[in-house]
Amino acid sequence: MIRTHDAGSLRAADAGVTVTLAGWVARRRDHGGVTFVDLRDASGLVQVVFREGAPAQAAHQLRNEYCVRVTGTVGPRPPGNENPELPTGAIEVTATALEVLSESAPLPLPVDDHIDAGDDIRLRYRYLDLRRSGPAAALRLRSAANRIARTVLDRRRFVEVETPTLTRSTPEGARDFLVPVRLQPGSWYALPQSPQLFKQLLMVAGLERYYQIARCYRDEDFRADRQPEFTQLDIEMSFVTQDDVIELTEEIVGGLWRELAGHEIQRPVPRLTWHEALARYGSDKPDLRYGVELTELTEYLRGTGFRVFETAIAAGGYVGAVVMPGGAAQTRKELDGWQDWAKARGARGLAYVVLDADTGEPRGPVAKNLPAGHLAGLADAVGAKPGDAVFFAAAGVRREAQELLGAARVEIARRTGLADPDAWTFCWIVDAPMFEPADPALGGTGWSPVHHPFTAPTAGWIDRFEEAPGEALAYAYDIVCNGNEIGGGSIRIHRADVQRRVFDLLGITPAEANDKFGFLLEAFKYGPPPHGGIALGWDRICMLLAGEDSIREVIAFPKTRGGYDPLTGAPTRITAQQRAEAGVDAKPKQEAAPGT
RNA sequence: GGUCCUGUGGAGCAGUUGGAGUGCUCGCCGCCCUGUCAAGGCGGAGGUCGCGGGUUCAAGUCCCGUCAGGACCGCCA
């Protein structure tokens with residue numbers, strides 16, 4: 001090493017030691033006769049003092065982010081000049097030699113913890129952005145998270161296995177990223193949406209305990225918590241029950257929050273059934289930092305004559321409500337704003353009743369449409385107090401109305417500041433349905449898998465899920481933190497007969513199944529063990545631990561919303577020669593027969 | 001595919017009722033300065049107000065389109 005010490009490590013005990021440091025000029029304070037330079041390296045900052053001689057002359061020429069090597073003597077700062085804000089604030093290094101290792105051009109982006117630039121400029125100069133303490137800490141935190149997970153898994157004798165990133169297109173789920181294959185023009189690899197099928201093959205292979213910090217790819221639109229390439233901590237285990245996977249996951253998540261957030265998670269983490277979560281919170285990933293639970297009013301509001309409610313009830317649907325504490329104090333404009341909010345989500349509107357703060361009397365347009373009898377008991381029915389507002393949703397499809405109320409619940413919490421930003425709440429969502437009605441808009445008929453088609457039905461449903469597909473439950477489980485789904489998994493089907501029945505219900509013929517998953521079904525002929533696993537959303541988990549609002553903050557080189565990387569300029573056009581070689585335009589000679 | 005927010009010297013912002021490219025903080029260049037720590041003082045340079053069109057005597061400001069960044073809905077087994 002060309003240095004003897006880390007700048008951020010120096011303390012009062014080092015006084016008198018001659019050190020050589022190497023790093024960057026974080027800031028220069030030039031007083032003419034004396035110059036202070038904050039020297040930053042990966043370990044932190046230390047103040048270097050230039051007082052006389054050639055080094056002091058040269059120090060006048062230093063500029064921010066010059067890369068320098070300094071030799072000097074550590075000494076206590078003069079009394080009264082200590083800086084308690086800095087870990088190294090008790091001492092300073094008096095320079096005896098200065099070497100400029102490289103100069104820096106004027107910065108396009110200030111390397112300064114106090115200023116936050118726009119995303120495009122930060123990403124274009126990400127290497128400068130990462131010199132700042134916040135972004136640098138986020139990457140170090142992520143590294144620590146990897147270490148913590150690996151330690152737990154290694155202790156339990158898991159095997160880390162890498163699976164292909166050039167693989168076969170999967171027929172369902174998200175859109176695949178495709179890669180042309182030069183050696184077979186007209187044929188394409190897909191980048192994996194997850195290592196799902198490979199990890200099941202590894203169970204057939206007898207590894208019993210597999211994990212991988214796996215890069216996954218999905219060609220869908222982005223969000224603050226979604227990038228086209230993202231990372232899962234992917235885990236699969238043989239001879240386990242749902243409880244075993246949950247226990248392991250709690251061990252990992254518990255370790256992460258203990259070490260990286262200083263928070264001890266209460267275990268076991270509470271479990272909610274999927275139906276309970278929808279009924280109480282209108283979401284399969286409820287934020288439990290606050291109450292504001294939903295109330296079903298389908299029975300209570302029967303026979304009001306109010307068209308919106310009557311139609312939903314007559315269709316065998318759902319009417320429910322959620323209470324906004326203090327919501328009666330909203331202006332007419334704010335209440336109208338809720339209608340726009342609901343319409344933006346595809347709903348017709350959001351009916352509401354406000355309860356007079358003094359008298360508790362129900363008011364508002366909907367109140368005029370409800371019979372006095374129904375109005376009188378409304379506050380008690382929904383648990384509202386005078387001064388509150390009650391929002392209603394009604395739909396022929398239960399989940400639709402519940403999810404609108406669930407979204408309203410989150411919005412109420414946001415507008416009234418109900419969510420404690422320092423709180424951590426976790427829960428498992430278990431007993432998810434196996435199937436949901438296929439979306440006709442996507443050309444579907446019959447049933448679609450809620451999770452994926454290899455998810456095992458629960459013991460109670462394994463022999464009769466065909467009797468009521470919409471009610472059948474699966475051994476599927478999601479772990480949720482503060483309203484974010486941070487992981488999900490399932491016990492898989494390992495019996496050929498059960499798998500065939502699931503495919504039958506999904507309308508997948510044996511020929512189609514063979515075409516799509518033939519290699520997996522083939523493998524399952526040879527004594528597949530019962531198995532199950534989970535995938536943890538690693539970017540989201542690191543984002544939460546870092547206290548950030550976007551997974552971009554915990555990815556070294558993220559892309560913008562348009563899939564563009566301002567740093568490298570990717571994606572780019574390709575040359576005619578590349579295009580010809582890649583075989584992008586090749587036409588398949590003959591349609592391959594199914595099963596080949 | 002849809003809704004919304006943002007775009008003003010290198011960075012972050014302000015810019016009123018449409019009235020001169022006006023202003024603030026930082027950075028940059030020059031000079032001064034021996035205890036600062038987001039140092040300070042004096043002086044200076046730096047602008048296609050994202051781009052295109054329209055309305056107007058006059059547009060950073062109003063209208064339409066477009067591009068870029070962001071948030072959300074759809075989508076994401």
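Letters A, B, ... are given to chains in the order of the sequence lines, protein chains preceding strands, and every chain is numbered from 1.
Taking the C1' atom of each, B:rU55 and B:rA11 are spaced 35 Å apart, rounded to whole Å. Between B:rU16 and B:rA59, the two P atoms lie 16 Å apart (nearest whole Å).
In this structure, A:Arg29 does not reach the B:rC37 phosphate: none of its side-chain N or O atoms is under 4.0 Å from OP1 or OP2. Regarding contacts with the backbone of B:rC29, a side-chain N or O of A:Arg63 is found under 4.0 angstrom from either OP1 or OP2. At the phosphate of B:rC37, neither OP1 nor OP2 sits under 4.0 Å from any side-chain N or O atom of A:Asn81. In terms of phosphate contacts, A:Arg552 brings a side-chain nitrogen or oxygen within less than 4.0 Å of OP1 or OP2 of B:rA71. When the side-chain nitrogen and oxygen atoms of A:Arg27 are compared with OP1 and OP2 of B:rA39, one or more of them lie within a distance under 4.0 Å. At least one side-chain nitrogen or oxygen of A:Arg223 sits closer than 4.0 Å to the OP1 or OP2 atom of B:rC73.
The base of B:rC75 lies close enough to the side chain of A:Arg226 for a donor and an acceptor atom to sit less than 3.5 Å apart. Residue side chain A:Asn83 reaches the base of B:rC37 through a donor-acceptor N/O pair under 3.5 Å, judged by distance alone.
Across all strands shown, B:rA38 forms no Watson-Crick or G-U wobble pair with both distances under 3.5 Å. Figure legend. B:rA14 is base-paired to B:rU22; pairs are counted as Watson-Crick or G-U wobble with both atom distances under 3.5 Å.
Partner A:Val70 forms a side chain to side chain contact (heavy atoms under 4.5 Å, CB included) with one of A:Val46, A:Thr94, A:Val48 and no other, that one being A:Val48. Each of A:Thr35, A:Asp38, A:Val37, A:Val34 was evaluated against A:Arg29; a single residue qualifies, A:Asp38, per the side chain to side chain contact (heavy atoms under 4.5 Å, CB included) test.
Heavy atoms of A:Asp116 sit under 4.0 angstrom from primed sugar atoms or phosphate atoms, though from no base atom.
When rounded to the nearest whole Å, the span between CD of A:Gln61 and P of B:rG30 equals 8 Å.
Residues A:Asp478 and A:Gly488 come closest through the heavy atom pair OD1-CA, 3.2 Å.
Ring geometry for A:Phe454 against A:His452 counts as tilted: the plane angle lies between 30° and 60°, on a 0 to 90° scale.
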